[in-house]
Amino acid sequence: MVVIKWKFHCKGFFQKIRGFIMWKISQAVLTGHSLTYNEHMSQSYAIDVLLEPIFWFVDNFAKYLGKVFVFCVTILTSAVVAIAYWVGLPYWWERCPYTTTFLVIFGNWLLLNIVFHYYMGVVTEPGYPPHGTMISEAASICKKCISPKPPRTHHCSVCDRCILAMDHHCPWLNNCVGYYNARYFYLYMVYMVAGVSFVIIAGIDIGYKVLWLNDTGGLSSNNNEPDLIGHPVRVNQSGVLVPVKTIVEYDLINFPREHDLPVPTITEAQRVAADPLKRKAVMFMAVTCVAVLFALGTLSLMHAKNISRGETSVEAHVNAKLRQVQGRAFRNPYDFGRRKNWRLFLGLVQGRTFLRHVLLPSPHKPIGSGLTWHKVHNMLKDWP
């Protein structure tokens, strides 16, 4: 009986301790809820709070990192072009000089467009609404600038200014993508994708031979002289093994006849494979081009979809929510149809042509001022 009473006593004691601990935990939870209670608390609000350190970092350091990104783009592009001339040009010249001439002309046309559109995207201001003047069509008031905002204008936290037709802030340009430089930004991406695709296609054969087959053709990694393995040799007067270029044969009448031995042919791909520095350059070029192709290719398709709909990246997020709420009743007021949207974006109006103003570098500006916008229901009849 004493043992049973002792067990019940211990059981009750532990239950009291457990109850006390649980009560303290619930009390702490209740206190935390009471101190952090927010009527507007939601999942989106919580995510914004958690991402606040990232926003703070972007607002304070992105504008300084932009110069570093521009420098990196310049160095990487220059490195790829240098390797193409250093490794690819001799390889293709050995195969066919006429094909090499075409590749050089076509590749430099792509390079010219890449350099031009990237430079213009960096140095061209995206467009800012005027301060201290009346705006005929103001959509709202910017809470940070304390000034009227024209339609399709948004505030950039990195530039700390309102941007006309803002698409996004691009750290690789160290600039906002807006009304006046959106065409430069998009064509830069398109030409860069075309450029790396051109390099991959032109270099896939030499890359396969150098990186996959690793065929050195008997060349030594220290020089361009062929190894003596598998080739007739003799000892010269200095006691050094040298290749035998001729052999002497005797016929039935015992008359000597000399025959020239064929000299082994060494291709440019085999020379590249035997050179460790060139092999690393080819590998670097392959990794860089494939990475850029996937990254900028994806971005180009995303922006192409937005352009076809007549909207910026900021508007794409806003309009996506409106489409969920309004369904088929929603219509983007700046969507004039796919063909017209592209012509307006590329500035192919007032007699401008695709051949002169898209396939060749052109500094033409978009029509209008970016302060007022025509909508679908009041579109001008003389627009293309």
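Just so you know, these numbers use all the heavy atoms, side chains as well, and skip hydrogens, waters and symmetry mates. Throughout, residue positions are numbered sequentially from 1 according to the sequence presented.
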Say you draw a straight line from [atom1] of [X] to [atom2] of [Y]; how long is it, rounded to the nearest 0.5 Å?
X      : Y      : atom1 : atom2 : value
Thr153 : Leu371 : OG1   : CG    : 7.5 Å
Asn332 : Arg323 : CG    : CZ    : 7.0 Å
Met166 : His155 : CE    : NE2   : 9.0 Å
His154 : Cys176 : NE2   : SG    : 11.5 Å
Asp335 : Arg309 : CG    : CZ    : 9.0 Å
His169 : Asn175 : NE2   : CG    : 7.0 Å

Check: Sequence neighbours excluded, which residues qualify as side chain to side chain donor-acceptor pair (under 3.5 Å) partners of Asn306?
Finding: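 Applying side chain to side chain donor-acceptor pair (under 3.5 Å) to Asn306 gives none.
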
Next item on the list: Identify, with sequence neighbours excluded, every residue that meets side chain to side chain donor-acceptor pair (under 3.5 Å) alongside Arg95.
Entry: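 With neighbours one apart ignored, the set is Tyr91, Asp205.
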
Does the side chain of [X] reach to within under 4.5 Å of the side chain of [Y], using non-hydrogen atoms?
X      : Y      : value
Tyr188 : Val73  : yes
Leu111 : Asn108 : yes
Pro333 : Trp373 : no
Arg161 : Cys156 : no

Notebook entry, point to check: Would you say the side chains of Trp92 and Thr99 form a donor-acceptor pair under 3.5 Å?
Noted result: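 The answer is no; no qualifying pair exists.
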
Checklist line | His303/Phe345 aromatic ring centres below 6.0 Å | finding: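 His303 vs Phe345: aromatic centres not under 6.0 Å.
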
Margin query: Just checking Tyr191 against Trp109, ring centres under 6.0 Å apart?
Written below: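 Ring centres of Trp109 and Tyr191 closer than 6.0 Å.
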
Donor-acceptor contacts, no H, no angles, side chain residues 19-30, under 3.5 Å, sequence neighbours left out:
unit_1: Ser26; atom_1: OG; unit_2: Met22; atom_2: O; d: 3.2
unit_1: Ser26; atom_1: OG; unit_2: Trp23; atom_2: O; d: 2.8

Check: Under 3.5 Å, is there a donor-acceptor pair between the side chain of Asp167 and the main chain of Gly178?
Finding: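 Not at all, since once roles are kept as given, no pair shorter than 3.5 Å links the two residues.
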
Margin query: Please check: side-chain N/O of Tyr180 versus main-chain N/O of Tyr128, any donor-acceptor pairing under 3.5 Å?
Written below: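 No.
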
Notebook entry, point to check: Is a salt bridge present between Arg331 and Glu311, judged by a nitrogen-to-oxygen distance below 4.0 Å?
Noted result: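 Result for this pair is no, no salt bridge flagged.
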
Check: Crowded around Phe284 CZ? As in, over 12 foreign heavy atoms under 6.0 Å?
Finding: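 Atom CZ in Phe284 is packed in, count exceeds 12.
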
Notebook entry, point to check: Is it true that atom CG of Leu112 has more than 12 heavy atoms of other residues, nucleotides or ligands lying nearer than 6.0 Å?
Noted result: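 Yes.
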
Margin query: Testing Phe185, Tyr118, Phe69, Phe71 one by one against Trp172 for a ring pair (Phe, Tyr, Trp, His ring centres under 6.0 Å), which residue passes?
Written below: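 Only match with Trp172 under ring pair (Phe, Tyr, Trp, His ring centres under 6.0 Å): Phe69.
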
Next item on the list: Please assess Tyr186 against Trp342 for the test ring pair (Phe, Tyr, Trp, His ring centres under 6.0 Å), listing each intermediate value before the final yes or no.
Entry: CA-CA 12 Å; Tyr186 181 74; Trp342 276 99; 5.7 Å; yes

